[in-house]
Undergrad: 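Here's a structure for you.
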Amino acid sequence: MLARTRTLAIVGVDAVPVDVEIDIHRGLPAFSLVGLPDAAVREARERVRAALVNCGFDFPLQRITASLAPADLRKAGPGFDLAIATAIMIASERLPGEALERWWLAGELALDGTIRPLPGILAMAERVEREGAGGLAVAAPNAAEAGLVERLAVAPLTSLHDLVALAAGEIAAPPPPASSPVPAKPLPDLADLKGQPSLRRGLEVAAAGGHAALVVGPPGAGKSLAARRLPSILPPLSRREAIEATKIASVAGQPCRDGVLARRPFRAPHHTISPAGLVGGGSPPRPGEITLAHRGVLFLDELGEFARPALEALRQPLEDGAVTISRARGSVRFPASFQLFAAANPCPCGHGDGSPRCSCSADRVRAYAARLSGALADRFDLALAVEQPSAAALDGDPGESSDVVAGRVIGAREAQRERLGEDRTNASMSDHEIAALTDLDEDARARLIDGHASSRLSGRGWTRVIKVARTCADLAGSRSVGADHVDEALSMRRRGAR
């Protein structure tokens, strides 16, 4: 007897259809599984057998062959259990195949027949909806996540017994989840950052234009404090951005139980992270921190302590907004449109070369600075040097709150949306868009040429100054870029080292 069901495999952050074919015929009892399964998939034979028996179903004492197609796609994880068990029940005439033909199935089986949730269900649901027909049967805890995809029928299952009810049409679809849950706790407020007007302004410009920023200064100057308040002044996620971020979190095993993510991701990996942990890798390839920060912020604290190979791996994703992991059997592309915010000390001891408190030799300072290559440093739109605030500044009144600054940021982002399109920022402008959409007046061009000579800007640095100047103009509500906007952009690209 031959039976077929459909399920999905996660490749990168997307789902790929997989056909499960079961053939049961006479012969010595055996259970073969083919189609490039990994160890977790091969162990499905034991889980499926135990689950069927413990739920009161007969397990066929015949020769069973299970094929997972396409055969050249490596299969990983326990998510094929439910589809395999269902196909066996259909092939052994325990379930009507016609009634379940429209359903895609995804779930892991416990030995008692309970269906366990899987990561990546949102990606699977999107793929089923794109296929144009059918519904998705998942573990009950995954139903709310799958329900985020509109116009998709979702069947929540708790155990193999529910397959009988599903075939009879007795499984009710869950209510749609809330699309924007209320955050559990408020974000840190920018008003906490005192005595750093230049850093506050740089943070606002970076948020408004989506610019990568590097802040250099001694410990206690407010670098980390500022970085952790950046999400509080960023505009809220659009519906499309929220779905993208939620899908990535789900694939990484960090699903949002209450619906889509309500906040932009904020990732702050430790400086001991490997290149694969930062940009992605492994077998099969898994998303790294830059993908988990997609549509959000990646904060690298103590930048000089990161391994240079890990930092150099950031160069291509910063330019392309994605990273491609290549292996012998193919390549996987991960989205990585993130905003980079980095903080560094001026030297290993942190006090700065030339300070009476600095104990670092010239060789140590040069070696420390060399960890950040010129090619990577050139990719920061903003480079700010800060000092420790005075006691008077720390004891003074707080600055503007995050809500006030966020209002200006949202206004600037709206101007960019009208000029560039949805979910685009000035930081993502191409050379053609810079020439066509950045209206530099004569004084601004003269200042830019003078700044090129005095700051020795590279070609990349030239375009980045223009992008930042365009953001400064957007914050000021100006349609054209003036000399004062260029001056401000140039002042935010001088950190002493480069």
Side-chain angles (χ1 to χ4, degrees), residues 180 182-238 241 245 261-268 293 295-303 338-344 380-416 425-427 468 471-477 485 488-489 491-493 495:
S180 298
V182 178
K185 59 181 180 179
L187 292 169
D189 199 284
L190 188 59
D192 300 333
L193 182 60
K194 299 180 181 180
Q196 295 288 8
S198 62
L199 180 53
R200 288 179 61 95
R201 177 61 177 174
L203 205 64
E204 181 177 342
V205 172
H211 302 291
L214 171 63
V215 182
V216 180
K223 306 185 298 294
S224 299
L225 186 146
R228 296 188 180 279
R229 279 145 185 80
L230 178 57
S232 69
I233 62 174
L234 290 172
L237 290 163
S238 68
E241 289 177 323
L261 292 177
R263 293 174 177 163
R264 294 185 180 273
F266 181 86
R267 306 293 299 187
R295 301 299 184 187
V297 177
L298 178 69
F299 175 42
L300 302 184
D301 199 7
E302 302 294 345
L303 188 68
F338 60 95
Q339 184 170 357
L340 177 61
F341 191 97
F380 285 98
D381 297 350
L382 308 180
L384 308 172
V386 296
E387 300 293 339
Q388 289 181 341
S390 65
L394 292 175
D395 192 45
D397 295 331
E400 291 179 317
S401 68
S402 292
D403 290 341
V404 174
V405 177
R408 294 196 295 267
V409 169
I410 292 173
R413 287 285 185 107
E414 180 63 23
Q416 293 165 57
T425 62
N426 288 333
V468 175
T471 299
C472 294
D474 289 336
L475 284 169
H485 305 135
E488 185 174 23
S491 71
M492 292 182 178
R493 199 172 172 79
R495 62 180 178 92

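Computed from a prediction, not measured in an experiment: that's the story for all the values here.
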Undergrad: Going through the checks in order, is the side chain to side chain contact (heavy atoms under 4.5 Å, CB included) test met by L190 and S401?
TA: CA-CA 5 Å; L190 188 59; S401 68; over 6 Å; no

Undergrad: Give, for atom CG of L225 and atom NZ of K194, the distance between the pair rounded to the nearest 0.5 Å.
TA: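 Answer for the CG-NZ pair, L225 versus K194, is 10.5 Å.
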
Undergrad: Is any side-chain heavy atom of R267 less than 4.5 Å from a side-chain heavy atom of F338?
TA: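 They are not in contact (no side-chain heavy atoms under 4.5 Å apart), so the answer is no.
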
Undergrad: Should E488 and C472 count as side-chain neighbours, where that means a heavy-atom distance under 4.5 Å?
TA: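 They are in side-chain contact.
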
Undergrad: So, for A393 and P389, which heavy atoms are closest and what is the spacing to 0.1 Å?
TA: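 Between these two residues, the closest heavy atoms are CB-CB, 4.4 Å.
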
Undergrad: Considering all heavy atoms of both residues, which atom of S232 and which atom of A406 are nearest to each other, and what is their separation?
TA: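 Looks like O-CB, 4.1 Å.
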
Undergrad: Which pair of heavy atoms, one from A415 and one from D474, lies closest together, and at what distance?
TA: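 That closest heavy-atom pairing would be CB-OD1, 4.2 Å.
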
Undergrad: If we ignore hydrogens and angles and just use 3.5 Å, is the side chain of Q416 paired with the main-chain N or O of A412 as donor and acceptor?
TA: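 Present.
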
Undergrad: To the nearest 0.5 Å, what is the distance between CG (D403) and CG (D189)?
TA: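 Between atom CG of D403 and atom CG of D189 there are 6.5 Å.
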
Undergrad: Once side chain to side chain contact (heavy atoms under 4.5 Å, CB included) is applied, do any residues pair with P188, and if so which ones, sequence neighbours excluded?
TA: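 By the side chain to side chain contact (heavy atoms under 4.5 Å, CB included) rule, P188 matches R229.
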
Undergrad: Please tell me if the side chains of L384 and S198 come closer than 4.5 Å, counting only heavy atoms from C-beta onward.
TA: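 Answer no - side chains too far apart.
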
Undergrad: Distance check, rounded to the nearest 0.5 Å: Q339 atom CD versus D381 atom CG?
TA: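 Those atoms lie 9.0 Å apart.
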
Undergrad: Report the distance from atom CZ of F299 to atom CG of L230, rounding to the nearest 0.5 Å.
TA: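 It comes to 10.0 Å.
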
Undergrad: List for me each residue that meets side chain to side chain contact (heavy atoms under 4.5 Å, CB included) alongside A342, sequence neighbours excluded, and say none if there are none.
TA: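 Per chain and number, A342 pairs via side chain to side chain contact (heavy atoms under 4.5 Å, CB included) with L214, L300, L303, F380.
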
Undergrad: Between E400 and R408, is the closest basic N to carboxylate O distance under 4.0 Å?
TA: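 The answer is yes: the pair qualifies as a salt bridge.
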
Undergrad: Do the side chain of R493 and the main chain of L382 share a donor and acceptor less than 3.5 angstrom apart?
TA: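 Flag not set: sc R493 to bb L382 has no pair under 3.5 Å.
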
Undergrad: Would you confirm whether E302, through its side chain, and A344, through its main-chain N or O, come within 3.5 Å as a donor-acceptor pair?
TA: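 Checking the backbone N and O of A344 against the side chain of E302, no donor-acceptor pair under 3.5 Å is found.
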
Undergrad: Just by distance, do the side chain of R264 and the backbone of P235 share a donor-acceptor pair under 3.5 Å?
TA: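 The answer is yes, because a donor-acceptor pair under 3.5 Å joins these two groups.
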
Undergrad: Hey, what do you get for CG (L340) to NE2 (H211), rounding to the nearest 0.5 Å?
TA: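 L340 atom CG to H211 atom NE2 measures 13.5 Å (nearest 0.5 Å).
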
Undergrad: Between the main-chain N or O of V386 and the side-chain N or O of K223, is there a donor-acceptor pair closer than 3.5 Å?
TA: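 No; judged by distance alone, with no hydrogens or angles, the pair does not exist.
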
Undergrad: Mark yes when over 12 heavy atoms from residues, nucleotides or ligands other than E387 sit less than 6.0 Å from its CD; otherwise mark no.
TA: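 No, CD of E387 has 12 or fewer neighbouring heavy atoms, counting only those of other groups under 6.0 Å.
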
Undergrad: Using only atom types and a distance under 3.5 Å, with no angle test, would you say the side chain of R200 pairs donor to acceptor with the backbone of A226?
TA: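 No; judged by distance alone, with no hydrogens or angles, the pair does not exist.
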
Undergrad: Would you check if P236 and I410 make a side-chain contact, meaning some heavy-atom pair closer than 4.5 Å?
TA: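 In contact.
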
Undergrad: Please give me the minimum heavy-atom distance between P231 and F266, naming the atom from each residue.
TA: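 Smallest interatomic distance, heavy atoms only, reads CG-CD1, 3.5 Å.
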
Undergrad: Working to the nearest 0.5 Å, report the span between CG of L475 and NE2 of H485.
TA: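 One gets 9.0 Å once the value is rounded to the nearest 0.5 Å.
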
Undergrad: Looking at every heavy atom in both P219 and Q388, which two are closest together, and how far apart are they?
TA: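 Smallest interatomic distance, heavy atoms only, reads O-NE2, 2.6 Å.
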
Undergrad: Report yes or no: do N426 and T471 form a side-chain donor-acceptor pair below 3.5 Å?
TA: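 The answer is yes; a qualifying pair exists.
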
